[in-house]
J.: 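First the structure, then my questions, so here it is.
From a predicted model like this one, the values you see are computed outputs, not experimental measurements. To find a chain, count down the sequence lines: A is the first, B the second, and so on, and within it residues start at 1.
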Number of protein chains: 2
Amino acid sequence: MSTMPSASPIGASPSSTIALLQSQSLTTLVRRELERMILEGELSPGDKLNEAALAAQLSVSRGPVREAFRALQESGLVQTEKNRGVFVREIPMQEADETYAVRAALEQLVGQMLAVSISPAQIKELRQMLERMERAVSGRSPDNYHPLNLQFHDLLVQFTGNDKLLATYRRLVNELNLYRRDTLAQGSKVGGLTVSNGEHRRIVQAIASGNAEEAGRSMYEHVMASRARMHKAKGVAETALPDREKGHDPVKGQDKRRVAMREAAL
Amino acid sequence: MSTMPSASPIGASPSSTIALLQSQSLTTLVRRELERMILEGELSPGDKLNEAALAAQLSVSRGPVREAFRALQESGLVQTEKNRGVFVREIPMQEADETYAVRAALEQLVGQMLAVSISPAQIKELRQMLERMERAVSGRSPDNYHPLNLQFHDLLVQFTGNDKLLATYRRLVNELNLYRRDTLAQGSKVGGLTVSNGEHRRIVQAIASGNAEEAGRSMYEHVMASRARMHKAKGVAETALPDREKGHDPVKGQDKRRVAMREAAL
DNA sequence: TAATCGCAGATTGTTGACAATCTACAACCC
DNA sequence: GGGTTGTAGATTGTCAACAATCTGCGATTA
């Protein structure tokens, strides 16, 4: 905490500093910081975000914090309950499932597009990524695999040159990362990493060979395989602790009454 | 204007009124109203949204209005320039193009899913929609076609039962509607309606027959054909008025200096 | 005359205060 | 003892005021 740039970086060139001040409002800064906190795991699904506390921590008033909340809500990272506060979203398994399906369709499109448009330089960059991931798997640093994996997929989407596709993709992946957070650390170590990277190689190979259909199919199947691995890991985690009696249970006490009224409000 | 529900609808059942008050904040109401205004064309791309004026018009303070702005910004409907205000977004042609590509991939998925899962009742509902659109085309009320068209596609996505897919789809379509606004009224009357509805029939036929591949392909091609029709209409509109000297030009005066500084800020 | 400068009004960014609501705990009743 | 009621503290929803920035227009000057 307290890593906010409260003091301005005077070292930078003056023009860029001016431009920065012009485009950055406090709301933007707060939004960015909160997104970072959530995505990096400093805040976990179900956690409550206290307006006043956050405002004090970031040395701003509650206004910008509330505005940042509305943006994060729209992006699916937090959820607001009137008069109760905002909470880091807990993605239900069913929603994660649906998201995987959408993501698979998008990545299939990515594969098809890249098979036609990719450049030699881009292929080279992808192969370098593959090697780095290979080292992460075979070496004793499997913790590094996940960020590399994210970067690899993001790079593929970037290479399509379709910004809308990229934005849509990232939105979905952000939410999936939220879902994976708890099961991830343990889940993916069960041995799926080698398999996953094998699928990555198949993808790059198909793209490089210019086979659009195969490239699309390999990406689609890779996403669906990831989903299956996630389910498996989730199942393991689930049975590991018998009755899910740890952590924050959002429904208890008179919450039941509130929930019932909410549902009736439809 | 002034169609806000300032007075509460006492006629409704008390429980639903309570539930409504529990879930609706002023921010939510303002957001909804602004979205309606934009989507129904009361506000056009490029228009400036004045905080104080809107707050007065809706009888709230500027706080909720600002929060609604942040949500609309994240959803892509408006765009904010610090210290200058928020504007209804003007979708560049290239972005619309990219959006059509993403949408086509999503609708292809919709077709594939529905070919497997659709129910007889749903098929019936789709066929009724087809007839309504048919009447709108053959009759002398082509203005009704567009909303029916939107409803038809939305219904298809709803029938997949995948809420995430639906949310993603709607986000894209909202932005596309923003893009189409100016060219639409004139553009689609050039005669594409009959063709469009023919494609709709092909889609429903393929879905009903359970042919996933054909259903997906027909939807993909329909979206791409829509894009082509849009381009054509846009081209017509473009050449119709020689030098695009009508309407609001966002870049003029000392704006050029600002824009240059913004770009340097990257 | 054309360009620049500077000011007044308007608009946005941010803040602090007040009102409404919720949460937790204690007193009370059956 | 179990359950309800009521109250105090904390938290959120909303508002109005202040500060910073921008916009447009007139004055000034070369």
J.: Return the set of residues passing side-chain contact (heavy atoms from CB on, under 4.5 Å) with A:Q94 (not counting sequence neighbours), or none when no residue passes.
T.: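 If we apply the side-chain contact (heavy atoms from CB on, under 4.5 Å) test to A:Q94, skipping adjacent residues, the hits are A:E98.
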J.: What residues, two or more places apart in sequence or in another chain, satisfy side-chain contact (heavy atoms from CB on, under 4.5 Å) together with A:P147?
T.: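 For A:P147 there are no side-chain contact (heavy atoms from CB on, under 4.5 Å) partners, ignoring immediate neighbours.
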J.: Check the distance between D:dC22's P and B:F87's CZ and give it to me in whole angstrom.
T.: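 Whole-Å distance recorded here is 13 Å.
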J.: Between the protein and nucleotides 5-11 of chain D, list the N/O to N/O atom pairs that are separated by less than 3.5 angstrom.
T.:
| unit_1 | atom_1 | unit_2 | atom_2 | d |
| --- | --- | --- | --- | --- |
| D:dT11 | O3' | A:K48 | NZ | 3.3 |

J.: Going by the rule salt bridge (Lys or Arg N to Asp or Glu O under 4.0 Å), which residues pair with A:E35 if we only count those two or more places apart in sequence or in a different chain?
T.: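 A:E35 satisfies salt bridge (Lys or Arg N to Asp or Glu O under 4.0 Å) with A:R31 once adjacent residues are dropped.
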J.: Could you list all the salt bridge (charged side-chain N to carboxylate O under 4.0 Å, His left out) pairs where at least one residue sits in residues 50-61 of chain B, not counting sequence neighbours?
T.: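 Matches after skipping sequence neighbours: B:E51-B:R62, B:E51-B:R66.
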J.: So which of residues 72-79 of chain B are in contact with DNA chain C, with a heavy-atom cut-off of under 4.0 Å?
T.: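 DNA chain C contact set from residues 72-79 of chain B: none.
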J.: Quick one, which residues of residues 62-69 of chain B touch DNA chain D with a heavy atom under 4.0 Å?
T.: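 Only B:R62, B:P64 qualify.
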J.: Can you pull the salt bridge (charged side-chain N to carboxylate O under 4.0 Å, His left out) pairs that have at least one residue in residues 145-160 of chain B, sequence neighbours excluded?
T.: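 Salt bridge (charged side-chain N to carboxylate O under 4.0 Å, His left out) check on residues 145-160 of chain B returns B:D154-B:R170.
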J.: What residues form a salt bridge (Lys or Arg N to Asp or Glu O under 4.0 Å) with B:R89, not counting sequence neighbours?
T.: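 Counting only residues at least two positions away or on another chain, B:R89 forms a salt bridge (Lys or Arg N to Asp or Glu O under 4.0 Å) with B:E95, B:E175.
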J.: Output all residues satisfying ring-ring contact (aromatic ring centres under 6.0 Å, His included) with A:F152, sequence neighbours left out; order by chain, then residue number.
T.: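 Applying ring-ring contact (aromatic ring centres under 6.0 Å, His included) to A:F152 gives A:H200.
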J.: Can you measure A:E81 atom CD to D:dT12 atom C1' for me and round it to whole angstrom units?
T.: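 Between C1' of D:dT12 and CD of A:E81: 13 Å.
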J.: If you measure from the Lys or Arg side-chain nitrogens to the Asp or Glu carboxylate oxygens, is any gap between B:R36 and B:E33 under 4.0 Å?
T.: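 So B:R36 pairs with B:E33 through a salt bridge.
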J.: Applying side-chain contact (heavy atoms from CB on, under 4.5 Å), can you list everything that pairs with A:A101, at least two apart in sequence or on another chain?
T.: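 Here the qualifying residues are B:N162.
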J.: For B:L49, which residues count as a side-chain contact (heavy atoms from CB on, under 4.5 Å) partner, sequence neighbours excluded?
T.: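 Per chain and number, B:L49 pairs via side-chain contact (heavy atoms from CB on, under 4.5 Å) with B:L43, B:L54, B:F69, B:V78, B:V86, B:V88.
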